[in-house]
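Model, not experiment: these values are computed from the prediction.
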Amino acid sequence: MLIRQTYDQLSVPAAGSLEPLGPGQRQHLAAVVAGLGPTWSVELHYDMFGKATLVVLPEDLDDVIGPTLIIHADQSAFHVEELCGEAYRKLGEHRAWADVLRAVRVRLIWEMTFSTTLH
């Protein structure tokens with residue numbers, strides 16, 4: 001069994017509340033994902049209160065190897081989380097959008113590296 005270590009990273013102190021997630025961030029994230037996993041998708045969902053969540057999905061949702069990444073924000077940080085099979089875990093909290101993009105890029109590179117060697 002592989003054990004993957006992640007860490008929380010609170011970089012660049014926030015000057016106030018974060019900008020809410022929206023179509024612009026979805027486009028940025030989709031560009032990052034397309035460069036690494038062209039068959040993956042990025043969706044923008046809103047809950048009943050209007051709070052946005054970005055979801056990065058593998059091509060095959062039944063694939064137990066490919067994780068689903070979830071990005072949401074509160075007033076102080078962007079939260080990056082992962083759902084893989086039945087396991088759910090927090091990957092990190094980031095105050096800068098660029099750090100979220102970097103975290104997703106690193107996670108997908110990690111995924112691509114091990115999924116190609118395991119099949």
Closest heavy-atom pair and its distance - H94, A103: NE2-CB, 3.6 Å
Provide the closest heavy-atom pair for A73 versus F78 in the form atom of the first, atom of the second, distance. CB-CD2, 3.6 Å
Tightest non-hydrogen contact, residues H72 and K51, listed as ND1-NZ, 4.3 Å
Heavy atoms of L44 and A52 approach each other most closely as CD1-CB, 3.8 Å
4.5 Å side-chain heavy-atom contact, V32 and V42: no
Look at the side-chain heavy atoms of Ile, Leu, Val, Met, Phe, Trp and Tyr, link any pair under 4.5 Å apart, and say whether I109 and I71 land in one connected group. yes
From T68 atom OG1 to E43 atom CD, the distance as rounded to the nearest 0.5 Å: 9.5 Å
Within the 4.5 Å heavy-atom criterion, are T53 and D47 side-chain neighbours or not? no
Under 4.5 Å between any side-chain heavy atoms of W97 and L21, yes or no? yes
Reported OG1-to-CG distance for the pair T39 and L57, which is rounded to 0.5 angstrom: 11.0 Å
Please step through side-chain contact (heavy atoms from CB on, under 4.5 Å) for the pair L69 and V33, ending with a clear verdict. CA-CA 11 Å; L69 301 178; V33 170; over 6 Å; no
Please answer: with hydrophobic residues joined when any side-chain heavy atoms are less than 4.5 Å apart, are L36 and W40 in the same cluster? yes
Of all heavy-atom pairs between Y46 and P23, which one has the smallest distance, and what is that distance? OH-CD, 4.0 Å
Backbone N or O of G24 within a donor-acceptor pair of the Q27 side chain at under 3.5 Å? no
Test applied, side-chain contact (heavy atoms from CB on, under 4.5 Å); reference residue, H79; option that passes from L91, V100, D74: D74
Heavy-atom pair with the smallest gap, counting every atom of S76 and R95: O-CG, 3.4 Å
